[in-house]
Amino acid sequence: MNYTNCNLCPRRCGVDRTAGETGFCGCGDTALVAKTMIHLWEEPALAGNGGSGAVFFGSCTLGCKYCQNRAISGAPVGTPTDSDGLRKIFLDLIHRGAENIDLVTPTHFLPTILPALSPKLPVPVVYNCGGYERVETLRELDGLVDIYLPDMKYANNAMALGLSGAGDYFQTAAAAIREMVRQTGPVCWEGDKVVRGTIIRHLILPGQVENSLKVLDWIGDTFRPGEVLVSLMRQYTPMGGLPAPYDRRITDEEYDAVLSWMFLNDLEGFTQEAEAADQGFIPDF
């Protein structure tokens, strides 16, 4: 795994990032750390009492027009950091009480991140990503990641193309999530905390209930009850500049319809209150 012929993500740009060439993510061969924090707003089974030790990386391999983190995901921003520097960041967050190390949009910097994960950290490593991943890349993480936290954003590839520039999203994310579950096995709890497994996030988009129902159908058809957890998110917050229906929050009726479908599919996991759709919950980048 290297930056010289970069095929880390499904874009497979093939550029030599060590020579200053850039592909979709716009990044060179130095990891960019945009923000580190004790993050108290992840799922309670992850954050626990101490919070997640979140490390936000600059830029992203998706281009979601509604991204709440677009201040850092939309451009190669952040502090250049090598593997030793990342290891120090991880250990500092753990010293401050972090319940886990939460790697947020990390894929395009994996050649730098991987050495920083060895030797094994004393807390779980969470791989927090958009679900748009290459199986071949994920296999390099086998044994190093304890908890996968992918999105499953779309069952509709036309929507994925229009909103995230990824017309092959569904089949790519489906294969990636299967690989994640193969690595972690079923969700494992210690008390009220998840210490191993895969938690699939799905953000309900305004006016797109059918997409959400199809995503939940896929999860229910693919995995046994309790094998994965679902985090059903209602925190969509209009960020400006988008046409209807993406210029509004989701309605109670939309959320209730998707929530009911989640239960009909015998899916276990987490839900959100309406108050989560507030810019106050977006980290200050």
Check step by step if side chain to side chain contact (heavy atoms under 4.5 Å, CB included) holds for M152 and F170. CA-CA 8 Å; M152 177 51 105; F170 175 69; 4.0 Å; yes

Test T105 against N128 for side chain to side chain contact (heavy atoms under 4.5 Å, CB included), laying out the working first. CA-CA 6 Å; T105 60; N128 185 339; over 6 Å; no

Please test L32 against F57 for side chain to side chain contact (heavy atoms under 4.5 Å, CB included), starting from the C-alpha separation and ending with a verdict. CA-CA 6 Å; L32 299 174; F57 293 92; over 6 Å; no

Given the rule in the side chain to side chain donor-acceptor pair (under 3.5 Å) test, do T112 and Y3 qualify, once you have shown the distances and angles that lead to the verdict? CA-CA 10 Å; T112 306; Y3 294 113; 2.8 Å; yes

Please assess L229 against V194 for the test side chain to side chain contact (heavy atoms under 4.5 Å, CB included), listing each intermediate value before the final yes or no. CA-CA 10 Å; L229 296 175; V194 172; 4.0 Å; yes

Y132 vs D151, side chain to side chain donor-acceptor pair (under 3.5 Å): CA-CA, chis, key distance, verdict: CA-CA 8 Å; Y132 191 59; D151 295 329; over 6 Å; no

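Put simply, the side chain of T81 gets close to the backbone of T79: a donor and an acceptor are under 3.5 Å apart. Remark: side-chain polar atoms of D192 are not paired, donor with acceptor, to backbone N or O of A45 under 3.5 angstrom. Checked by atom type and distance alone, the side chain of R87 pairs as donor or acceptor with a backbone atom of A116 at under 3.5 Å. Between the side chain of Y255 and the main chain of I204, no donor-acceptor pair closer than 3.5 Å is present. Judged by distance alone, the side chain of Q272 and the main-chain N or O of Q235 form a donor-acceptor pair under 3.5 Å. The backbone N or O of T172 lies less than 3.5 Å from no partner atom in the side chain of E133, so there is not a single donor-acceptor pair. Without hydrogens or angle criteria, R70 side chain to A75 main chain gives no donor-acceptor distance under 3.5 Å.
The closest side-chain donor-acceptor pair between T184 and T198 falls under 3.5 angstrom. Side-chain contact annotation: H202 with S231, donor-acceptor N/O pair under 3.5 Å absent. Side-chain polar atoms of S52 and E99 form no donor-acceptor pair below 3.5 angstrom. Between the side chains of Q171 and N157, at least one donor-acceptor pair of N or O atoms lies under 3.5 Å.
Side-chain contact between T4 and R17 is absent, with no heavy atoms from C-beta onward closer than 4.5 Å. Considering only heavy atoms from C-beta on, P206 comes within 4.5 Å of Y236 through its side chain. Between K153 and L203, every side-chain heavy-atom pair lies at or beyond the 4.5 Å cut-off. Side chains of L103 and I101 form a contact here, defined as non-hydrogen atoms less than 4.5 Å apart. When side chains are defined from C-beta on, L205 counts as touching L163, because their heavy atoms get closer than 4.5 Å. Looking at heavy atoms from C-beta onward, F90 lies in side-chain contact with L121 at the 4.5 angstrom threshold. Using a 4.5 Å cut-off on side-chain heavy atoms (C-beta onward), E42 and D102 make contact. In this structure, the side chains of L149 and Y127 stay at 4.5 Å or more apart for every pair of heavy atoms.
With hydrophobic clusters built from ILVMFWY side chains whose heavy atoms lie under 4.5 angstrom apart, V55 shares a cluster with I113. Hydrophobic clustering, with ILVMFWY side chains joined whenever heavy atoms are under 4.5 angstrom apart, keeps V230 apart from V126. Residues V195 and V228 fall into different hydrophobic clusters, defined by Ile, Leu, Val, Met, Phe, Trp and Tyr side chains chained together at heavy-atom separations under 4.5 Å. Taking hydrophobic clusters as Ile, Leu, Val, Met, Phe, Trp and Tyr residues chained together by side-chain heavy-atom distances below 4.5 Å, I219 does not share a cluster with V135. I199 and W41 are not part of a single hydrophobic cluster, where members link through side-chain heavy atoms under 4.5 Å apart.
Partner of R234 under the side-chain hydrogen bond (donor to acceptor under 3.5 Å, both in side chains) criterion, chosen from D252, T251, T271: D252. Screening L216, V209, V215 for a side chain to side chain contact (heavy atoms under 4.5 Å, CB included) with W261, the sole residue that qualifies is L216.
Under 4.0 Å is where a charged nitrogen must lie from a carboxylate oxygen, and between K214 and E210 at least one such pair does. The residues R182 and E179 are annotated as salt-bridged, a charged nitrogen and a carboxylate oxygen being separated by less than 4.0 angstrom. By the 4.0 Å N-to-carboxylate-O rule, D82 lies too far from K88 to be salt-bridged with it. Remark: R96 engages D92 in a salt bridge, criterion side-chain N to carboxylate O under 4.0 Å. A salt bridge links E254 and R248; the closest N-O separation between the charged side-chain nitrogens and carboxylate oxygens is under 4.0 Å.
Atoms CD1 and CG, from I89 and D84 in turn, are 11.5 Å apart once rounded to the nearest 0.5 Å. Of the inter-residue distances, the one linking T222 atom OG1 with I177 atom CD1 reads 9.0 Å to the nearest 0.5 angstrom. For the atom pair R201 CZ and F270 CZ, the distance stands at 10.0 Å (nearest 0.5 Å). The CG atom of N2 lies 8.0 Å from the CG atom of L8; values are rounded to the nearest 0.5 Å. From T137, atom OG1 reaches atom CG of N7 across 8.0 Å, with rounding to the nearest 0.5 Å. Rounded to the nearest 0.5 angstrom, D16 CG and T22 OG1 are separated by 11.5 Å.
Heavy atoms only, all atoms of each residue included: A257 and L213 are closest at O-CD2, 4.1 Å. Contact detail for I94 and P122: the closest heavy-atom pair is CD1-CD, 3.9 Å. In terms of heavy-atom proximity, C129 sits nearest to M180 at SG-CE, 3.8 Å. The two residues M1 and L114 make their nearest non-hydrogen contact at SD-CD1, 3.5 Å. Scanning both residues, C13 and F24, for their nearest heavy atoms gives SG-N, 3.3 Å. Shown here for D146 and V125, the closest heavy-atom pair between the two residues is OD2-N, 2.8 Å.
Around the CG atom of D221, the shell of radius 6.0 Å holds more than 12 heavy atoms that belong to other residues, nucleotides or ligands.
Using cut-offs of 30° and 60° on the angle between ring planes, the pair F56 and H39 is tilted.
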Report, one line per pair, each donor and acceptor closer than 3.5 Å where one atom sits in a side chain of residues 58-67; sequence neighbours left out.
from	atom 1	to	atom 2	distance (Å)
S59	OG	C25	O	2.5
K65	NZ	G162	O	3.1
Y66	OH	Y154	OH	2.7

